[in-house]
Structures are given as C-alpha cells and as structure tokens.
Amino acid sequence: MSNRCLYSASFAAFIAADPLAVAGEISHNYHGNALTTTRVAWEEEIALLRQVLRPWVDEPSQIIFEYDIPRLGKRIDVVLQLRGLLFCMEFKVGQRQALQADVEQVMDYALDLKNFHRFSRDSIIVPVLVPTEHASATSVLQVSIYHDRIVNPLISGGEHLQSLIAQTVERYGSPTPQPINPQWIISPYAPTPTIVEAACALYSSHSVEEITRHEADKAATDATINFILQVIDRTRERGEKSICFVTGVPGAGKTLVGLDVAVKQSYRNGELDKENGAVYLSGNGPLVAVLTEALARDNVRRHRAENQPKKMTDARREVSQFIQIIHRYRDNMLAKIKNPVENGEVEIDPEKAVAMDTAGYGEVEHVAIFDEAQRSWTHKHIADYLRRGGTYGNKLKVPNFPMSEAEFLIWSLDQRRDWAVIVCLVGGGQEINTGEAGISEWIAALNNRFPHWNVYISNQLTAPEYAEGKVNQLLQCNTRVHFANQLHLAVSMRSFRAETLSAFVHSLLTFAPDAAALYADISAKQYPVVLTRSIDKAREWLREQARGSQRTGVLVSKVAARFKPQAISVLPSYDDNAVHWFLEDKTDVRSSNYLEEAATEIQVQGLELDYVCVLWDADMRVGPNGWEYYKFHGNTKWIPERNAEVQRYMLNAYRVLLTRARQGVVICVPEGNHRLTSEGFPEDSTRLPHFYDPTFDYFRSIPITLI
C-alpha cells in the first residue's frame, strides 16, 4: 500500500471485499490511534460507497481512501477515478447541513490537485461534499468560469449520491470506459506552500521533504538547506565560527530555508538536540506573531484530533522557544555587558553573567538564524535607540553604544568558546524602514572585527539591490570567504503560476525596457496582473478570483495618506491585528478577506496572500524623470521627499507590496478628485487627478490589462 493513502482498489475489488476487512486495512495503515468516531465514520463511508458505486463495477476504476495532501497537511476522504474524471469527496457522516467551511475544504482539495499534482493537471476534477443526512443534492452542474476544468463544488446527501455521480459522468465524463493511470497515487507532487502552511508542517513533523519537493529546475531550496547543514557540521567538527548569507528574490523561500534549518538542526534523528540546537530569530514582529499563533493553533488542533487536549497557552509557550523576536535575543545579551561602555569596546560584565564550559558567555544555541537580516539597524539607529532606553518594553539604557546591530549579533555568537554558526536570510531591495542597514553592514563587521569567521556567500550578488551591486568588491580582501551558488535563490516559489514575477516587478519599478516582455510572460503563465481606477472593481475582482479558503487583501504603503476616500482604513500596527488579519477565516470581520482594512509593507513583509489589491497612493508618482516621492504634511498637503535613503525605502515598500500575492494582483490607481467648489477651487487638493494620472498611464503603457 502506498504511504500516500490508506486504501486503494478497483470498484470491483472494493465491492467484493469484506467491508470489515477494508475498514481494518484503513485502520491498520493509519499512523496513530484512530478515535472510535473516526473508525465508525470509515465504516459508514464504506457501506454507503459499496452501494453507490455498483453501476460502474465492471469498468476500469479506482477508489482511494484518505489520500494525502502534503501541502495542506490533510487527507482527502475519498478519491474516485472514473471515466476520465477525478472525484474528490469530503464526507461529514451524520451531518444534515452543508456548511460553508466544509465546501471550502473540498474546494481546497480540488485546487491543490489541479495546481500541484502532476497527473491531475489535465483531468476534470469534481469536488463533492457529502453530509450523509443531507436531504437533497446539487441540481445544477457547472464547470468553473476559470477555465481550469474544475467543476463547481457539488453537495449531496448519501441517498442521492449515486444519482449525482451518474449525472456528472454523463455530462463531463468520457462516453466510454477509460483506463486508469496506475501511478496516479504516487504522482510527482510539486507544492508551493504558504509560509504559514510550511511552518506548521515543519513544526508538527520535523520534516520538510514533502513540502519542499520541487523539480530540480524549479526550486533550489533543498540544495541550499543541505549546503547550510554541511557548513554547520564542518564548523562543529573544526571548532570554528561561520556565517552563511542566504539571498534571493522575493518569495524564493528564504524564510522556509531558515525554518527548515532550525528544525533539522534542533531535531536531529527526530529527537530534540539540546546541545547543538538552533533558534529562528526575526525582527519582523507581525511575522513572528502570525507564525507563532499559527503553529500554536495547529499544534492544539492536532493534539485534539488525537484526543489529547492541550491548552493554547502551553502551545504558545513551546513555540516561542523555537521562533523568537530578535530584539529579545539581542536585549538578553545586552544585559550581560558592562554598562556604560568604556573606550568604545563592548565587554562582558562577569557580575552579570556566568561563563559556561562550552557556551562561554553566549546563549545556549550554537546556530542563530536571522531572518530579514537586511533590516538590521545601522550603528546610529541602534545607538540612538539604546541611548533612549528602547521601545520594546526593555528600558535598558546603554549610552555610547559602539556597534551596529549586525556587529553586535555576530559578537554575541562569538562569545561561545566552542563553535557557532549564523545564517543570515537577506532579501535584496527590501530595506523598508529608516535605519535598516542592508547586507553591507554585516560584511563591514566581518571585515573589520571578525576576520576569523568563515564567510559563505553566493558570487551571484551583482544586482544593485545588494549593497549597490558591490558585494564581491566589499569582500575581496577577506581571506576566509567561500563562494557558493547554492546560497542564492533566484526563482520565486511564492508565485507558483509566474516564477518571473519578481523580475517583472523590478523592471516595472525601474522603468526597464523589458517590463512589457516580462508582463507577457507572467500573463502567459496565467498569473493575472490587472489595473483599475476603482476600488470597488478591485474588490469585485478579488472576490471573483478567490475560491475555497484562498485569502485576499488590500495593501497600501505606510506612507499612504489618502486611502480613506476609497473606504479603506489601515490595519493598526499591533501584532495581534496582523494575526487576525492573516489567520481568521471568512466568518470573522477582522480577516483580510473582508477587504476593509489594508495592511502595510511592515505588516506583510515575509508573509503572503493568494490575491491582493495594491492601492497606489500619491506618495510615489511617475514624473518626467522617473519616480517622484512625497510625504503627507500637516493633514493638508503633500511635500516632496528629497532624502535619497528615504526614497529607496519608499521604492522598496512598493516592491514588497507587489510581490505578496501567490496567484494574482490588481493595482488600483485612483482617479483622484476632479470636482471644484462653487468658488472654483479644488474640492480636495490632496487628491488632484494629476497626482495619479501619469502613474496610471505608465502602467497602461506596459500594457497592464485594464478591468
């Protein structure tokens, strides 16, 4: 029996078999202790389907129970292969009502098979929800309007299921029996998990094999992960210190690589390795909050499914040991130093810290993974912060702090007496806040203060997003540099429909001549990027695109100021708001799907949605010589932003916003306010049409499709 399902057979063999033997085989192949209710449900499904499938008993066919969907971490109750059709069925034994969440669940199964299961790509897929006590069945059969050969979800009670299958076969199936693909169950499966799905799968099973398995020409995450683990092993064996820089385009899987390395290093051979563990650290508060809550919820849900109740508070506490906010790690090390700093040198105060045999004055983890390392603070920014006493609840004041944040983090790991590894996950062109230093600050720290550290980095970093393309030049005098192409992820995994999306966004934002060709490429791959001037049309488009539990949302830059006329408010900055925005379903008004609150680049960096609307404000406009930058002043007017560094952050903000969608983007450039007062003055001088028109005209010139 394949480990991808619990039971499979032809209809004839299934019907001829002893139903108790079938139930026994399913139960035997189930990993874990099946609850009594689960076993009863299987028995009722078997009894029902033995009757339902009799009309096709002599045809080539296959029935599959509990088929594994790796990306979702779930199993399809039943898959039927018949007359060229694939029925994916979700049973709700004893249930009368068809619930929206259940319909979305079976639709998710159909979409997952269509998008990621190679031997299902060309099949007509029929999602069917079966609340067994439901009194009726779907009367109108329709194929989806999206031209992907998925039938709109069907609903049937047990009594009407045979009739509904017969109608579907007559309408969409082959007129004659068709052979069954014997390898369908073990079909190559190339999923592109969302970061939340990936984190949940990693944390629950301590294995990433299924969720990262891509064809070699599509993703290089496996090679990157293996290379880093080899560096860790070599560094431990030699008692050295090493740092790896993992770079890549937006959505290439950098965060996934970091999470996987943390899990693999911490759970060697399936057991927690307290001596050689790793910690995943991020300065991105919303990302940490969303991942922590998602992992805790998933952990509780899995325990309850095994009839092992668990408290959310306990689950959150466990997760927080694995994923942490970087400021807490940093502040824990700051508490160990002599304060005030003397002679410009950071030193351990032996009265504040205890030296351990191997860890020295360092933290317990040998391996620290810093996500979004490009956002580490410059010396000026962290020095000003520590002089004030901080804003994250830690009021520790450190006057005259002499290091950049990157330098201090390396210093922190350097305190270990045995060995240490830092993994820096670096996004190119994604510094979005004042004081964020980029990769050059890390390189400067290694060159000037830590020449004994081994440096592993890709030699492909010549793009201007990385230290203005001068990475190799900055490292040319460092004798401990090792170049490795495995450390650069050049292909986006986030947008599984359009791997060239990040290249298109870069060209769009830099007015590159290849923008039109790249747009044609992503359009040919059925990744829609469309344009509108109406937020209502944008909302309508998002709602039309999303199916199942797919997520939609509106995004704005943090500098945006005139979004309220579009009936949009900005999501408050507290991390709990991001948790609800990203994780709640369509029944909760705090969900992103309601399209009422827009998230900014600060809240969505590192995370993703299926479809997004980027609401373009007058903060960044097309002018005669390229982009012009403005900030809103005094609630009355826009004023030009002249600071080149701030301009770079503003451009990067839109780069982040435009690369958050897995499946499609609508850009809304408002028309502005044309109206005049009775005295002949603009009714709203902050939204004049000429603030927006040149940007819209530029996008149309690509030409981005207008809706």
Side-chain angles (χ1 to χ4, degrees), residues 247-252 284 372 374-376 378 381 426-441 461-471 492 500-515 518-519 529 531 555-563 570 598-606 612-632 638-661 665 667-669 691-692 694-699 701-702 704:
T247 52
V249 300
N284 184 336
E372 297 182 11
Q374 77 279 357
R375 298 184 66 183
S376 67
T378 62
H381 196 67
V426 183
Q430 295 195 54
E431 304 85 17
I432 56 176
N433 252 335
T434 301
E436 294 179 356
I439 195 174
S440 56
E441 196 72 64
L461 301 185
T462 57
E465 296 100 304
Y466 299 97
E468 299 179 344
K470 299 178 181 178
V471 169
S492 175
T500 52
L501 175 65
S502 57
F504 165 67
V505 169
H506 177 75
S507 293
L508 182 74
L509 293 177
T510 56
F511 301 94
D514 63 348
L518 289 169
Y519 179 73
V529 176
L531 180 65
L555 307 179
V556 297
S557 74
K558 69 172 185 178
V559 182
R562 302 300 292 124
F563 42 79
V570 171
T600 70
E601 68 273 17
I602 303 299
Q603 293 154 321
V604 299
Q605 189 171 45
V612 306
C613 167
V614 177
L615 179 55
W616 209 282
D617 203 3
D619 54 327
M620 202 167 89
R621 321 169 189 171
V622 171
N625 300 309
W627 293 112
E628 296 177 349
Y629 303 88
Y630 291 83
K631 286 192 173 180
F632 204 60
W638 295 93
I639 59 172
E641 175 56 69
R642 308 292 188 191
N643 185 296
E645 183 181 24
V646 174
Q647 289 180 356
R648 179 165 62 92
Y649 295 144
M650 293 172 69
L651 181 70
N652 287 343
Y654 277 98
R655 187 192 313 276
V656 169
L657 299 180
L658 289 167
T659 54
R660 291 309 95 188
V665 180
I667 302 172
C668 180
V669 183
F691 293 171
Y692 304 94
T695 304
F696 173 79
D697 293 340
Y698 166 57
F699 291 156
S701 72
I702 297 299
I704 298 178

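Quick note: residue numbers are just sequence positions, from 1.
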Colleague: Do you know the tightest heavy-atom contact between S507 and L518?
Modeller: OG-CD1, 3.4 Å
Colleague: How many angstroms lie between atom CG of L509 and atom CZ of F504, to the nearest 0.5 angstrom?
Modeller: 9.0 Å
Colleague: Can you give me the closest heavy-atom contact between L555 and L657, atom names plus distance?
Modeller: CD1-O, 3.6 Å
Colleague: Should R648 and N652 count as side-chain neighbours, where that means a heavy-atom distance under 4.5 Å?
Modeller: yes
Colleague: Go through the structure and list residues passing ring pair (Phe, Tyr, Trp, His ring centres under 6.0 Å) with Y630, not counting sequence neighbours.
Modeller: none
Colleague: Quick check: closest heavy atoms across K558 and I602, and the distance to 0.1 Å?
Modeller: CD-CG1, 4.1 Å
Colleague: Output the distance between atom CD (E641) and atom OH (Y649), rounded to the nearest 0.5 Å.
Modeller: 11.5 Å
Colleague: Is the backbone N or O of H381 less than 3.5 Å from a side-chain atom of T378, with the two atoms forming a donor-acceptor pair by type?
Modeller: yes
Colleague: Mind running side chain to side chain contact (heavy atoms under 4.5 Å, CB included) on F511 and V622 for me, showing each step along the way?
Modeller: CA-CA 10 Å; F511 301 94; V622 171; 4.2 Å; yes
Colleague: Is the ring pair W616/F699 parallel, tilted or perpendicular, if the boundaries are 30 and 60 degrees?
Modeller: perpendicular
Colleague: Which residues satisfy the salt bridge (Lys or Arg N to Asp or Glu O under 4.0 Å) test with E628, sequence neighbours excluded?
Modeller: none
Colleague: Between CE of M650 and CE of M620, what distance do you get to the nearest 0.5 Å?
Modeller: 7.5 Å
Colleague: After noting the C-alpha distance and the side-chain angles of R660 and V656, does the key distance pass the side chain to side chain contact (heavy atoms under 4.5 Å, CB included) rule?
Modeller: CA-CA 7 Å; R660 291 309 95 188; V656 169; 3.7 Å; yes
Colleague: Nearest heavy-atom pair of E601 and S557: which atoms, and what distance?
Modeller: OE1-CA, 3.2 Å
Colleague: Determine, stepwise, if the pair T600 / V570 fulfils side chain to side chain contact (heavy atoms under 4.5 Å, CB included).
Modeller: CA-CA 8 Å; T600 70; V570 171; 3.8 Å; yes
Colleague: When you measure from the side chain of Y629 to the backbone of A644, do you find a donor-acceptor pair of N or O atoms at a distance under 3.5 Å?
Modeller: no
Colleague: What are the two closest heavy atoms between T659 and V505, and how far apart are they?
Modeller: CG2-CG2, 3.9 Å
Colleague: With no hydrogens and no angle check, do the side chains of D619 and Y654 hold a donor and an acceptor under 3.5 Å apart?
Modeller: yes
Colleague: To the closest 0.5 Å, what do you measure between CD (E441) and OG (S376)?
Modeller: 6.5 Å
Colleague: Looking at CD of E372 and CD of Q605, how far apart are the two atoms once the value is rounded to the nearest 0.5 Å?
Modeller: 4.0 Å
Colleague: Nearest 0.5 Å, please: how far is CG in L615 from CD1 in I667?
Modeller: 11.5 Å
Colleague: Stepwise, does the side chain to side chain contact (heavy atoms under 4.5 Å, CB included) test hold for D617 with Y692?
Modeller: CA-CA 8 Å; D617 203 3; Y692 304 94; 3.4 Å; yes
Colleague: Locate the shortest heavy-atom distance separating F691 from A618; write the atom from each residue and the value.
Modeller: CB-CB, 4.0 Å
